[in-house]
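Taking it in order: structure first as structure tokens, then the write-up.
Letters go in sequence order (proteins before strands), and every chain restarts at 1.
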Amino acid sequence: MSYLSAGKILKVNLTDRTITTEPTARYEGKFIGGKSIAAKLLYDEVVPGTDALAPGNALVFAAGALSGTPCPGSGRTYVTAKSPLSGYLGSSNVSGFWGPELKFAGYDQLVVKGKADKPVYIAIDNDRVEIRDADGIWGKNVTDAQTAIRKELNDQDTQLLCIGPAGEKLIRYAIVAHGIMSAAARTGLGAVMGSKNLKAIAVRGRGDLKLADPKKFLELCKVDRDAIMAQPFAVDMAEIGVTKAQDAFNADGQQGIFNYQKGNSPGNAAQEAFAKQYSKKSMACFSCPMGCRQYYTLPGLPAEGMKCALYSPLYTANVFDPMLNYEAASLCQEGGVDVVYISGVIGWLMELSQRGIITEKDTDGIVLQWGEAQGAIQIIKKIIAREGIGDVLAESHMAFAKKVGKGAEDYFIASKGLPINYIDLRGTKGNALAGAISTKGDFMSIAPLLDMMEPVIEMYQGEEREGMQAWLDDFATQVTGTPKAGAPREYEGKAASVKYYEDVVNLADTMGVCRWQGDQAMMPMTIDALAELYSAGKGMAMTGEGLLEAAQRGHAVERAFAAREGLTRDDDTLPKRFMQEPLPEGRYKGEMVDTAKLEEMKTEYYTLRGWDPATGAPSQETFEKLGLGDMAESLKKETKEGKTKGKNVK
Amino acid sequence: MAKVLMLNYEKCTGCRTCELVCSVEHEGAVNPAKSRIKSVKWETEGLFVPTGCQQCVDAPCMAVCPVKAISRDEELNMNRLNHEVCIGCRMCVAACPFGAMNFNVDTKRVFKCDLCHGEPQCAQFCQAKAVEYVEATTQSEVKRRSAAEKLTAAIQKGAALTAGAAQ
């Protein structure tokens, strides 16, 4: 009897239309679940040097170890493949309901390989797994496609992951969307799905997910949920999402406006007011006590469930009107492209235009001017339609940079080909290190909160502020050995800080639990709380350290995957702007990242991780310590193959 | 007077926790398909409607049952299903106007909400208070006040607009 997991991994090969299963138990002991098992499946399934858009690439969809249970925030699904954008690791974590439904259907993970001979979608209903023609659905935007599939399957409760026209057209930053509020948005996973002629994956489950000690499990869940809702942060999240925090970044000079040439725009912090005025209600993911999405229906625009990045895709272009940002976000969401990538491209094109590197001749006559939304919106439409300039931009910024020359690529504010997630990294050195070393190229998903506490503490006065500062110093020391880890401008302690946050994020992704309810956000779903739940559900004594080690195994395998595809220490870097131009204004005025000190932080970080500082890949000793001795040999052998075959788009 | 489950679609966030805790409480496993309560959702419309057994006073399930397996529990103000008597004919499933009478394909038994014997888990876990366990007499009072609050807010907004226009 297997508790807590569904027990099977489902494998679909679209080329020969074979459908097989294998026991999850094969991976569970070492990797526990979610992201960690997914990383190993990806490593094993993809031959080094495979083109990301070739049938040989694997798409892995993973429910977490606690997914599907009443554990708060247990609705996360981890999606991974080789990235068509960076050529290294593609991964993104999607909220909502899909992973839990997969487990009710009887599967912990789904691996899709091959390429269908025509557009199809996969429909899973417990043991019945079908590959169905997507004739009438191909070409539809994400909401219409999901509605059509639900109608075709005659099941309103089926959960869907699907691509929009962008994924079908292999736009290298296409998303895998879920419902109207979620997406595995980063690293181009939607293009991988499109390359397989796979429009959607529908899943419906009606089976039991067994718990070893149901009574105790429920009791623990109740305690955890109440603890979460006792946090003021959680109450805010339910009412206005993260709009308040995003307004604070803006007012504080950490918002990458004018394509990160400036930092702030006082008076333009309008998101909270927008949410309060227009949000119809709060929407929650599976088993979430907070519900941090806001539901909007605005005249003439599609209904969306909005959070985070969706509020501000045009900020890089200095457009702050929430209505225009909503319009741009819903265009991206419905067409199926990553809003963060779009925001990076728009800001970049505006700066190229400002510097005279490009003119209207390069942009099909579209006028690009700071603060003007219309040009930006036209670019987004051209990209999704793959028309003219959009066809070039769809292949990534480098394709366009090569076309225009004049050093255009230097102004693209990105890491490993992925635009930075709106927030300027120059002032906060932990965030900067996270941006450099992130395996997929995204600082935000592993952002060390220790770097962001300064503005929070300043909101308090007198004794209260002193008390909070003392607590922060203690906490920073406990995590990293030095209180300086809590001081954003310092370099000291940041390697340990980044490692800690990366660990807790990897753990959350392994368990399938929302990062924002655990240690990354200093919330109650701590390492130990997760271990307690896992123990009660699984019927075994599991410690926090035990879970962390499994998450570290997954992370090492993920890093090895990227290394095998050619990732080196040199790829762990930041946009030149962050290292050459001081921030001109705001809280961190005058700050930039010292190149030599970044290298020192990197070396310290690799050493803490047990990775070879010369290559940035896990060392043989580390693999052995993690009980993955066989990985070391295969990595050494296959890295060469990966490099020589290398069809990577960089 | 006994309590009733008060379901409020305006407050429901669609998280489905009620379905999870209900199935764990009754089945010892998580399985929304075996939950007595369900958040029926139209996500695009932002509509999430918690539905379950209304514990009807003149209950179709009770009326249609050929072996009188369903009886009124006046103490808990609900309709109780006796599995010792039930023959599994599923007439109650057919008769229930709310889809609240269900059939478990594994155990071959019908099942319905039993208010967790007076401590409904769905209400205890619902953070949004879309499911509450309240005195039957107060149910309308709460709704009446909530409706009146909305009207008051509208009147105040209207007054503010009028004042603004007058200036």
With a 4.5 angstrom heavy-atom cut-off, which part of B:A33 approaches chain A: side chain, backbone, both or neither?
side chain
Using a cut-off of under 4.5 Å for heavy-atom pairs, which of A:C288, A:G96, A:G305 has the most such pairs with chain B?
A:C288
Sort A:D157 into side chain, backbone, both or neither according to what part of it lies under 4.5 angstrom from a heavy atom of chain B.
side chain
Side chain, backbone, both or neither: which part of A:M283 has a heavy atom under 4.5 Å from chain B?
both
Of A:R293, A:E304, A:R225, the largest count of non-hydrogen pairs under 4.5 angstrom with chain B goes to A:R225
Answer with side chain, backbone, both or neither: which region of A:E101 has an atom nearer than 4.5 Å to a non-hydrogen atom of chain B?
side chain
Please check if the side chain of B:E43 supplies one atom and the backbone of A:I180 the other of a donor-acceptor pair under 3.5 Å.
yes
Measure B:Q121 against the heavy atoms of chain A and call it side chain, backbone, both or neither at under 4.5 Å.
side chain
Check each atom of A:S287 against the heavy atoms of chain B and say whether the ones under 4.5 Å are side chain, backbone, both or neither.
both
Among the listed options A:K281, A:M229, A:Q146, the residue most often paired with chain B at heavy-atom distances under 4.5 Å:
A:K281
With no hydrogens and no angle check, is any side-chain donor or acceptor of A:K222 less than 3.5 Å from a backbone partner on B:Q124?
yes
Does the pair A:D208/B:K34 count as a salt bridge with the N-to-O cut at 4.0 Å?
yes
Pick from B:V30, B:V40, B:V105 with the largest number of heavy-atom pairs that fall under 4.5 Å of chain A
B:V30
For each of B:A128, B:C18, B:P32, tally heavy-atom pairs with chain A at distances under 4.5 Å, and name the one with the top tally.
B:P32
Is the NZ or CZ atom of B:K41 positioned over B:F48's six-membered ring, under 6.0 angstrom from the centre and within 45° of the axis?
yes
Could you please spell out the steps behind the side chain to side chain donor-acceptor pair (under 3.5 Å) verdict for B:N31 and B:S23?
CA-CA 6 Å; B:N31 187 352; B:S23 59; over 6 Å; no
Exam field: side chain A:R150 to backbone A:Q156, donor-acceptor pair closer than 3.5 Å:
yes
Worked check of salt bridge (Lys or Arg N to Asp or Glu O under 4.0 Å) between A:R206 and A:D125
CA-CA 8 Å; A:R206 303 161 206 266; A:D125 188 338; 3.1 Å; yes
Among B:R16, B:E10, B:E25, B:E27, which has the most heavy-atom pairs under 4.5 Å with chain A?
B:R16
Need one label for A:Y295: side chain, backbone, both or neither, based on atoms under 4.5 Å from any heavy atom in chain B.
side chain
Validate the cation-pi geometry between A:K103 and A:W98: distance from NZ or CZ to the six-membered ring centre under 6.0 Å, angle to the ring axis within 45°.
no
Would you say A:Y311's side chain and A:V242's backbone share a donor-acceptor pair under 3.5 angstrom?
no
Here the gap from A:I124 atom CD1 to A:T158 atom OG1, rounded to the nearest 0.5 Å, amounts to 9.0 Å
Proximal component of B:C12, with respect to chain A [non-hydrogen, under 4.5 Å]
backbone
Under 4.5 Å from any heavy atom of chain B - which part of A:Y296:
neither
